[in-house]
Amino acid sequence: MSRRPFIAGNWKLNLGPGAAASVAKFIAEMNSGNHDVDVTVFPTALSIPSVVAALQGSGVEVGIQDIHTKTEGAYTGCNSSTFARESGCTRALIGHSERRTLFSEADEVVNEKIRTVMTAGLLPIVCIGESKSDREAERHHAVISKQLTGALRDINADQVASIVLAYEPVWAIGTGLTATPDTAQSMHKYIRNWLYESYPRYVGDAVRIQYGGSVNISNAKSLLSCPDIDGALVGGASLNPSDFTDIIRQA
Ligand code: PGA
């Protein structure tokens with residue numbers, strides 16, 4: 001089963017409107033001629049309009065890093081998925097480990113956010129991943145299974161088939177400690193089998209599973225050549241547009 005490779009850049013709280021537009025312009029130029037790999041960047045919310053403008057016509061999509069479960073109302077400081085859609089976003093990052101740990105986002109909230117963004121017409125990238133202590137205690141499969149069950153509760157098979165999952169072991173995010181291709185592939189295979197066991201066959205065939213956690217120009221190729229790794233969610237290295245486009249080329 002061949003799935004279209006998908007490289008995403010999570011810029012986190014970096015690159016204000018001006019800097020983000022410059023990086024986006026570089027990516028747009030370098031990405032011209034790419035018809036084989038899906039690419040999305042996730043700027044901080046205030047940089048979305050300048051990045052959408054800079055990427056116009058480039059084929060590179062823009063997503064929002066987080067949204068509130070409600071789309072409008074008295075929720076001071078929150079971002080709405082319908083307004084993100086109106087601003088030109090096509091995707092939303094949901095359940096990133098920084099949201100889960102720094103903002104106490106539980107699986108129930110992740111589930112609610114997935115429904116909210118899909119209703120608004122955005123496609124989610126749903127992040128899952130175990131901590132270092134979970135891995136050391138050999139609880140990693142149980143943790144991933146629990147996160148998947150909670151995140152995807154009562155979401156129908158067709159909708160799940162359109163979701164992208166990002167396996168991001170927490171111990172590998174921003175640490176320089178990438179999972180080896182064997183470790184990553186083994187978890188991706190576990191996730192795919194979980195999908196096969198939980199839904200009709202076409203769902204597990206369709207869902208793209210990105211790897212995330214210290215992906216860079218040196219390790220991307222070996223990770224991306226694993227059969228169940230369909231792309232990468234790149235943090236730090238995506239801030240450098242020449243590294244990021246190099247990773248897209250490797251995919
Ligand atoms: P990193 O971040 O590539 O800097 O490890 C990945 C992520 O947090 O999505």
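Both ligands and their constituent atoms are indexed starting at 1 by order of listing.
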Is there at least one pair of N or O atoms, one from L233 and one from ligand 1, spaced under 3.5 Å apart? no
Identify, by atom number and element, the atoms of ligand 1 in contact range of G174, meaning under 4.0 Å from any of its heavy atoms. 1 (P), 4 (O), 5 (O)
In terms of residue, atom name and distance, what is the protein heavy atom nearest to atom 7 (C) of ligand 1? E168 OE2, 3.2 Å
Any donor-acceptor pair under 3.5 Å from Q65 side chain to N10 backbone: no
Would you please determine whether G212 falls within less than 4.0 Å of ligand 1 on a heavy-atom basis? no
Taking the inter-plane angle between the rings of Y211 and H188 on a 0 to 90° scale, is it parallel (under 30°), tilted (30 to 60°) or perpendicular (over 60°)? tilted
Which distance, rounded to the nearest 0.5 Å, do you find between the CD of E112 and the CG of D107? 13.0 Å
Below 4.0 Å from ligand 1: does a non-hydrogen atom of A172 turn up there or not? yes
Using the salt bridge (charged side-chain N to carboxylate O under 4.0 Å, His left out) rule, pick out the option among D230, D205, D36, D38 that qualifies with R3. D230
For atom 3 (O) of ligand 1, closest protein heavy-atom neighbour: G235 N, 2.9 Å
Before you tell me yes or no, could you show the steps for T183 and T180 under side chain to side chain donor-acceptor pair (under 3.5 Å), namely the whole-Å CA-CA distance, both residues' side-chain angles and the distance that decides it to 0.1 Å? CA-CA 5 Å; T183 303; T180 63; 2.8 Å; yes
Does the N or O separation between G213 and ligand 1 drop below 3.5 Å for any pair? no
Suppose we measure from atom 4 (O) of ligand 1 to each protein heavy atom; which comes out shortest, and what is that distance? G236 N, 2.9 Å
Would one find more than 12 heavy atoms of other residues, nucleotides or ligands at under 6.0 Å from atom NZ of K12? yes
Give the atom numbers and elements of ligand 1 that come within less than 4.0 Å of a heavy atom of S214. 1 (P), 3 (O), 5 (O)
Taking heavy atoms and a distance under 4.0 Å, where does N10 meet ligand 1: side chain, backbone, both or neither? side chain
So, N193 and E197: side-chain donor and acceptor under 3.5 Å apart, yes or no? no
Separation of I209 CD1 from I163 CD1 (nearest 0.5 Å): 12.0 Å
Of the listed options (K12, Q210, E98, H96), which comes nearest to atom 2 (O) of ligand 1 when hydrogens are ignored and any heavy atom counts? K12
